[in-house]
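Below, chain A is the first sequence line, B the second, and so on; all start at residue 1.
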Number of protein chains: 2
Amino acid sequence: MALLVQKFGGTSVGTTERIEAVADKVARFREDGHDVVVVVSAMSGETNRLIGLANSIMDEPTPREMDVLVSTGEQVTIALLSMALQKRGCDARSYTGSQVRIVTDSTHTKARIKQIDEQHMREDLNAGRVVVVAGFQGIDERGNITTLGRGGSDTTAVALAAALRADECQIYTDVDGVYTTDPRVVDSARRLDRITFEEMIEMASLGSKVLQIRSVEFAGKYNVPLRVLSSFQDGEGTLITFEDEDAMEQPVVSGIAFNRDEAKLTISGVPDTPGSALRILKPVSDANIEVDMIVQNVGEDNQTAFTFTVHRNDFRRAQEVLNAVAQELGAREVTGDSKIAKVSIVGVGMRSHAGVATRMFEALSNEGINIQMISTSEIKISVVIDEKYLELAVRALHSEFELDKPALKEES
Amino acid sequence: MALLVQKFGGTSVGTTERIEAVADKVARFREDGHDVVVVVSAMSGETNRLIGLANSIMDEPTPREMDVLVSTGEQVTIALLSMALQKRGCDARSYTGSQVRIVTDSTHTKARIKQIDEQHMREDLNAGRVVVVAGFQGIDERGNITTLGRGGSDTTAVALAAALRADECQIYTDVDGVYTTDPRVVDSARRLDRITFEEMIEMASLGSKVLQIRSVEFAGKYNVPLRVLSSFQDGEGTLITFEDEDAMEQPVVSGIAFNRDEAKLTISGVPDTPGSALRILKPVSDANIEVDMIVQNVGEDNQTAFTFTVHRNDFRRAQEVLNAVAQELGAREVTGDSKIAKVSIVGVGMRSHAGVATRMFEALSNEGINIQMISTSEIKISVVIDEKYLELAVRALHSEFELDKPALKEES
């Protein structure tokens with residue numbers, strides 16, 4: 001019998017009917033003899049309703065009062081879910097972040113968890129109760145209510161699992177697991193039974209928005225096995241875990257991620273002197289524009305070219321900043337393209353396999369797709385291509401790395 | 001410059017526009033140099049919305065979870081009002097019951113306040129901030145969220161005023177004060193500048209539902225001057241205070257209260273022996289029926305008659321109980337009437353004035369109104385009459401005791 005932390009998001013608890021369905025699910029785990037701590041978000045729409053009330057009073061409400069306001073959303077859900085469990089004869093007790101106590105720093109609206117008091121929860125679990133905890137919220141050391149920011153309920157679940165040394169942290173979502181790539185793009189996309197934390201982080205940051213990256217990092221750091229499952233259908237979901245060194249064979253590539261939200265900018269004819277990268281990128285970051293990929297070509301004639309990608313919404317602003325920089329540096333020109341897409345192959349298996357990049361580039365070349373930028377990390381290779389080839393590229397790579405076939409180790 | 005505790009109920013904070021109007025009012029007091037603690041209820045309709053959610057899950061939700069649920073209503077209001085004050089450049093900070101800390105017993109949904117920690121509030125007041133506190137809620141000693149039951153926000157305001165030794169506790173409502181009687185019945189009904197706690201308690205329990213009686217008792221016990229004012233119009237309201245022994249002249253009668261919600265029951269031909277009152281009333285109280293007035297006539301032929309009044313909704317049930325009792329006691333018969341009304345004159349001044357009852361009875365007799373029951377206390381005389389004479393009786397008494405004219409001391 002295991003100790004499970006289960007997290008249900010806003011859509012899963014969007015109506016009282018859905019809250020009852022969650023109670024059915026949780027009660028079954030309890031009947032099977034598991035100890036269960038449930039973390040819930042606000043009912044979908046509720047947080048936006050509360051923010052709407054605040055904004056009808058002022059455009060930028062003080063963060064402290066914002067936290068007092070929006071933290072009521074999860075408090076409503078914990079009470080309703082506890083009632084629904086009690087109705088099923090399943091003893092349950094609700095806790096706000098303050099009651100647990102989930103102590104955070106004082107950065108209102110995006111606080112970080114510092115410490116969790118597990119004592120109350122442990123007592124309730126020992127007494128056979130389901131513990132229902134409000135996600136997304138805590139208190140600082142002076143007793144002010146804080147919230148953790150977007151995706152904070154996932155973080156709460158992982159942090160509770162770590163504090164309680166739970167056997168598994170289960171994140172229930174509206175998808176039934178992590179896929180080799182987006183099934184809307186590739187019909188044969190397959191749900192992964194397992195994925196490593198590192199792969200998941202690369203997948204998430206590249207646009208597979210199943211889990212908040214912060215909670216995955218947190219789970220990795222504290223050795224919490226994380227599972228993504230569907231709230232609405234039964235199934236094993238995807239277990240996010242550590243690299244399994246005993247696995248018969250790691251797949252070379254676990255998944256294909258992609259992103260259409262980027263635009264690229266190139267500043268060319270830059271004098272190839274120390275510090276020029278800094279002099280180009282600092283004004284961009286000072287303008288609060290986030291930069292994703294950065295590529296610098298090897299210089300010729302003491303000149304070099306910088307290319308980087310930004311979010312498409314920041315494209316115009318980045319161009320303006322760069323034009324000013326170019327003048328200052330005496331660079332030749334600034335060019336840009338917002339019709340690009342980034343495609344990445346991700347897999348811990350590529351660490352031990354040479355030639356993965358070659359296979360990737362060959363597969364794209366066979367389809368006549370030109371590669372505009374390349375960037376690599378230990379377990380990921382990303383390329384930027386013309387946006388119109390995105391679907392074609394993803395399908396070609398999905399097939400090249402045999403992601404439509406179950407991995408060997410899963411057959412054994 | 002005074003320390004004021006101001007309480008605004010659900011209607012006064014029913015929309016964000018009204019919350020802004022409350023902020024205007026509070027900010028003016030702050031600008032005048034007063035220290036202000038504001039207590040607010042949930043936005044009108046919100047508590048019922050939350051109860052509706054709970055009832056869609058179960059008919060009788062557990063009281064602990066009910067308190068977790070409904071306490072979010074006031075938490076939303078404190079955040080919104082604090083924002084509205086900050087928007088006006090008026091520094092403010094919100095507190096839930098748990099944050100203050102308002103410690104109560106563990107009787108969920110109708111807890112009683114045991115202790116209030118004033119330290120945080122005092123620090124904020126010293127720093128020039130308005131303190132905004134959620135009414136109606138607290139925590140018990142184990143950290144569970146509790147609520148105080150109906151009218152609990154008034155009680156919170158009075159308790160905070162007592163703990164802070166405030167100069168005045170101001171209750172803002174949708175009426176502009178306490179009247180000599182209901183202005184809908186008597187055109188010339190007049191707002192009282194002052195009324196004593198004792199009079200207010202008699203008026204409230206008799207149906208003038210301006211303030212929850214519990215908060216008035218609480219204010220009396222802790223010497224907190226209480227003022228009833230209108231949220232929507234300016235004015236001095238009515239100050240509820242201790243008997244003013246220096247006043248040039250107390251009015252004999254301060255107000256006329258009435259109640260149409262009662263029914264009377266008579267059991268006659270009861271053997272006049274010790275214990276028969278108990279044997280009649282115990283079964284009634286065992287059936288959870290509350291009894292208001294009780295009158296026993298002097299017996300003849302070793303027989304007596306009991307008459308008492310109950311809420312009209314309990315009339316049929318009380319009749320059934322009484323029929324059984326009559327048989328058991330060998331009483332002659334049970335009769336009843338639900339078309340009655342109770343009219344009371346209230347005033348601390350009647351303590352020192354003889355003949356008040358005579359004046360009352362004469363005024364009624366002059367109008368041809370028959371008196372069915374009489375009950376008296378130190379500062380109150382109540383009569384039961386035929387319901388159809390209610391308005392006539394109230395007008396006759398209002399005029400007899402010159403309530404349409406300002407009291408002498410107010411002219412001086």
Side-chain angles (χ1 to χ4, degrees), chain A residues 15-17 19-20 23 42-43 46 49-88 91-96 98-101 117 119-120 123 132 134 139 142-145, chain B residues 15-17 19-20 23 42-43 46 49-88 91-96 98-101 117 119-120 123 132 134 139 142-145:
Chain A
T15 61
T16 51
E17 289 76 21
I19 289 173
E20 302 235 30
M43 294 167 79
E46 180 62 6
R49 183 184 75 87
L50 293 166
I51 292 172
L53 284 175
N55 285 339
S56 77
I57 289 177
M58 65 197 299
D59 289 337
E60 293 189 17
T62 40
R64 181 188 186 279
E65 300 304 333
M66 231 19 218
D67 282 351
V68 172
L69 182 69
V70 299
S71 62
T72 61
E74 292 79 30
Q75 189 170 331
V76 167
T77 320
I78 56 171
L80 294 176
L81 179 57
S82 299
M83 290 173 190
L85 285 165
Q86 287 160 356
K87 178 182 168 184
R88 283 156 181 78
D91 198 6
R93 188 170 286 178
S94 73
Y95 286 94
T96 62
S98 140
Q99 287 178 309
V100 168
R101 322 177 359 141
D117 188 347
Q119 190 199 330
H120 291 296
E123 283 167 10
V132 181
I139 44 163
R142 281 162 300 181
N144 296 303
I145 294 170
Chain B
T15 61
T16 50
E17 289 77 20
I19 288 174
E20 302 236 29
M43 295 168 77
E46 180 63 5
R49 183 184 76 87
L50 293 167
I51 292 172
L53 284 175
N55 286 339
S56 77
I57 289 178
M58 65 199 299
D59 290 336
E60 292 189 18
T62 40
R64 181 187 186 279
E65 300 304 333
M66 233 17 222
D67 282 352
V68 172
L69 182 69
V70 299
S71 62
T72 62
E74 292 79 30
Q75 190 170 329
V76 167
T77 320
I78 56 172
L80 295 176
L81 179 57
S82 300
M83 291 173 189
L85 285 164
Q86 288 159 357
K87 178 181 168 185
R88 283 157 181 77
D91 198 4
R93 187 169 286 179
S94 72
Y95 287 92
T96 62
S98 141
Q99 286 178 309
V100 167
R101 311 175 11 133
D117 188 348
Q119 191 199 327
H120 291 297
E123 283 166 12
V132 182
I139 44 163
R142 283 163 300 182
N144 297 302
I145 295 169

> About how many Å separate CG of A/L69 and CZ of A/R49, when rounded to the nearest 0.5 Å?
Replying inline: 8.5 Å

>> So, applying side-chain contact (heavy atoms from CB on, under 4.5 Å) with A/I57, which one of B/L85, B/L81, B/I19 is it?
In response: B/I19

> What heavy-atom pair brings B/T72 and A/V76 nearest, and what distance separates the two atoms?
Replying inline: OG1-CG2, 3.6 Å

> Given a strict heavy-atom distance threshold of 4.5 Å, which part of A/Q75 is in contact with chain B: side chain, backbone, both, or neither?
Replying inline: both

>> Please classify the contact between B/I139 and chain A as side chain, backbone, both or neither, with a heavy-atom cut-off of under 4.5 Å.
In response: neither

>> Heavy-atom pairs under 4.5 Å with chain A - which of B/S71, B/S56, B/S94 has more of them than the others?
In response: B/S94

>> Between A/M66, A/R142, A/R64, A/E20, who has the most heavy-atom pairs with chain B when the cutoff is under 4.5 Å?
In response: A/R64

>> If we define contacts as heavy-atom pairs under 4.5 Å, which of A/D67, A/N144, A/V132, A/L53 has the most with chain B?
In response: A/L53

>> At a 4.5 Å cut-off on heavy atoms, which part of A/T96 comes close to chain B: side chain, backbone, both, or neither?
In response: side chain

> With respect to chain B, which residue among A/P61, A/A54, A/S98, A/A79 yields the maximal number of heavy-atom pairs within a distance under 4.5 Å?
Replying inline: A/A79

> So what's closer than 4.5 Å to chain A heavy atoms on B/R93: side chain, backbone, both or neither?
Replying inline: both

> Which bit of B/A23 is near chain A, if near means a heavy-atom gap under 4.5 Å: side chain, backbone, both or neither?
Replying inline: neither

> Under 3.5 Å, is there a donor-acceptor pair between the side chain of B/T77 and the main chain of B/G73?
Replying inline: yes

> Where does A/I78 contact chain B at under 4.5 Å (heavy atoms): side chain, backbone, both or neither?
Replying inline: both

>> If you apply the rule salt bridge (Lys or Arg N to Asp or Glu O under 4.0 Å), what do you find for B/E65 with A/K87, and how did you get there?
In response: CA-CA 12 Å; B/E65 300 304 333; A/K87 178 182 168 184; over 6 Å; no

> Would you say A/R101 and A/H120 make side-chain contact, with heavy atoms under 4.5 Å?
Replying inline: no

> Can you find a pair of side-chain heavy atoms, one from A/E74 and one from A/E46, that are under 4.5 Å apart?
Replying inline: no

